[in-house]
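Data first, discussion second: the structure below is written as structure tokens.
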Protein chains: 2
Amino acid sequence: MTPVNAIALPPKICIGSRAQANSACTNCNLRGLCVPAGLSSEELEHLDTLVTTRRTVHRGETLFRRGDRFASIYAVRSGFFKTTISSEDGRDQVTGFQMTGELLGLDGIGDSSHNCDAVALEDSAVCVIPFARLEGLAHEFAGLQREFHRVMSREIVRDHGVMLLLSGMSAEERLAAFLVNLARRLEARGFSSSSFVLRMTRAEIGAYLGLKLETVSRTFSKLQNDGILDVRQREVHIVDPIALSRLVSDDAA
Amino acid sequence: MTPVNAIALPPKICIGSRAQANSACTNCNLRGLCVPAGLSSEELEHLDTLVTTRRTVHRGETLFRRGDRFASIYAVRSGFFKTTISSEDGRDQVTGFQMTGELLGLDGIGDSSHNCDAVALEDSAVCVIPFARLEGLAHEFAGLQREFHRVMSREIVRDHGVMLLLSGMSAEERLAAFLVNLARRLEARGFSSSSFVLRMTRAEIGAYLGLKLETVSRTFSKLQNDGILDVRQREVHIVDPIALSRLVSDDAA
DNA sequence: CGCTGTTTTGAGCGTCCTCAAGAGTAGTGG
DNA sequence: CCACTACTCTTGAGGACGCTCAAAACAGCG
């Protein structure tokens with residue numbers, strides 16, 4: 001009913017091929033976002049032979065948990081996930097939010113068991129990529145190998161960015177950085193970069209940004225009062241994108 | 001002169017082979033710590049053909065800078081490094097401290113240019129590992145490929161741990177976690193886990209842990225008053241290792 | 001021995017957290 | 001259909017932890 005419905009996040013990405021058809025990647029309209037981004041068409045066809053199974057994960061369910069045996073990585077086909085790690089004393093840290101085309105499970109390779117929980121924040125579907133077979137294929141096709149290395153490296157760079165954010169930024173800067181990042185990723189997927197619906201709670205945003213949920217809420221309110229955002233619950237409209245970006249690391253004006 | 005000299009960090013790791021000899025990895029006594037950890041002796045020999053050049057980096061010099069073209073990764077042979085990223089407004093974040101056997105430069109793969117500065121905290125030496133050739137070799141030898149994936153994955157897991165630390169822990173917990181981690185890594189290298197010399201300043205520890213240097217200093221003093229540490233400048237003696245580990249995520253007693 | 005950079009310690013302040021209450025929203029079942 | 005429950009979000013008041021500013025002790029090096 002609200003006008004924002006029109007710009008809701010995931011309008012059920014329509015798939016070019018049936019789930020069973022073995023042209024999983026070749027015809028997938030996420031090609032440009034997912035692993036296949038840098039591959040030749042020949043390599044792509046080989047990737048197709050790999051990605052034969054899909055899996056749906058309903059809202060609130062886990063795709064995998066910490067300690068699960070690692071066998072596959074996953075590409076988000078539709079929906080939205082969070083990954084979390086938790087310390088012994090119960091606090092937990094959201095290590096990332098994954099949207100369409102992004103990978104889950106890379107942290108499981110190191111010791112062959114998953115090191116975080118992956119939870120669907122809405123009904124989602126993933127492509128299952130058996131890791132042994134991916135390695136086998138990467139072994140044959142240098143392009144795929146290289147692309148996979150790139151993906152892992154970018155994940156490391158991303159994590160370093162989050163470290164910078166957690167280390168030195170104010171609540172306002174953190175939330176601004178979070179929203180700018182989200183907007184950019186949504187835009188890359190063909191959605192509006194100025195209006196969207198958050199898929200996560202204030203508490204989950206806080207667990208990602210190193211803030212308490214009350215602080216997240218207060219900061220949203222402040223950005224609204226400053227005329228930068230228009231926030232109604234999870235619906236976010238970025239009124240002044242320039243001011244928002246200026247907030248990200250820019251106190252030393 | 002001080003008794004702690006005896007337990008100083010790097011007693012110039014003695015190398016089993018000459019720098020030029022092409023048995024770089026096979027005879028290296030860092031075998032168990034470095035990339036070769038999981039490799040067969042045949043694969044090791046091939047690795048030798050790869051690691052032909054070394055490079056020395058004097059204290060304060062950079063091994064590479066952000067923006068430098070990425071061509072190689074580096075394994076620390078002796079010495080000690082920090083890697084840093086800096087935000088536009090000048091604050092910088094230490095993303096890691098690397099000691100003997102650890103890798104530098106993995107964050108450069110993603111977009112073929114380095115994404116951080118790597119600075120030697122003391123006179124150091126590294127093995128240069130040309131990345132294109134590493135990929136070529138990994139392409140041939142599945143074991144090497146797999147081992148490399150493991151190394152990258154572990155780096156991601158490590159970063160997630162740091163995110164947890166930066167996100168939710170108190171200054172005392174952060175410093176305790178830092179020292180416990182350092183002690184464990186030193187022990188793995190045959191050094192004392194209870195007495196060592198820090199290679200970095202309070203400011204650098206702070207830039208890693210998301211604290212100001214004054215806070216790092218104060219926290220050291222507090223741990224000393226509590227009888228957990230004995231600190232004299234950069235010389236650290238862990239008096240009560242159990243109490244120190246208890247500090248790491250253990251407030252919910 | 002003076003210079004420079006690092007470390008320690010103090011006092012006051014600000015940001016974010018804690019505790020708490022109330023409003024808004026969604027899903028369920030009578 | 002609406003009441004009921006559970007969850008999420010907002011807002012307030014007070015307090016704690018770490019930051020800022022500042023000065024002095026200490027160590028290393030020419």
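Letters A, B, ... mirror the listed sequences (proteins, then strands); counts begin at 1. All figures in this text were calculated on a predicted structure; none of them were measured in a lab.
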| said: Quick one, V151(A) with E155(A), criterion side-chain contact (heavy atoms from CB on, under 4.5 Å). Give me CA distance, side-chain angles, the key distance, then yes/no. | reply: CA-CA 6 Å; V151(A) 169; E155(A) 175 66 19; 5.9 Å; no

| Would you call E122(A) and R234(A) a salt bridge, using N to O less than 4.0 angstrom? |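 Salt bridge flag = no for R234(A) with E122(A).
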
| Pairing of R154(B) and E102(B) as salt bridge, 4.0 angstrom limit |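 E102(B) and R154(B): not salt-bridged.
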
Value in whole Å for how far the [atom2] atom of [N] lies from [atom1] of [X]:
X	N	atom1	atom2	answer
L223(A)	dT11(D)	CG	P	13 Å
L209(A)	dC17(C)	CG	P	11 Å
R59(A)	dC7(D)	CZ	P	12 Å

| said: Does S217(B) reach a base, just sugar-phosphate, or nothing at all? Heavy atoms under 4.0 Å. | reply: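 Since a base atom lies under 4.0 Å of S217(B), the category is base.
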
| Is the phosphate of dT8(C), meaning OP1 or OP2, less than 4.0 Å from a side-chain N or O of R202(B)? |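 For R202(B), the contact criterion (side-chain N or O under 4.0 Å from OP1 or OP2 of dT8(C)) is met.
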
| remark: For nucleotides 15-30 of chain D, 5' to 3', base contacts (B), sugar-phosphate-only contacts (S) and non-contacts (-) with protein non-hydrogen atoms under 4.0 Å give ---SSBB-----S---

| request: Indicate, with yes or no, if the rings of F81(B) and Y74(B) have centres closer together than 6.0 Å. | output: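 Centroid separation for F81(B) and Y74(B): 6.0 Å or greater.
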
| message | Aromatic contact between F191(B) and F196(B), with the criterion being ring centroids under 6.0 Å apart: yes or no? | response |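 No; F196(B) has its ring centre 6.0 Å or more from that of F191(B).
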
| request: Evaluate the ring planes of F64(A) and H114(A), with Trp represented by its six-membered ring, and classify them as parallel (under 30°), tilted (30 to 60°) or perpendicular (over 60°). | output: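 Ring orientation, 0 to 90° scale: parallel.
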
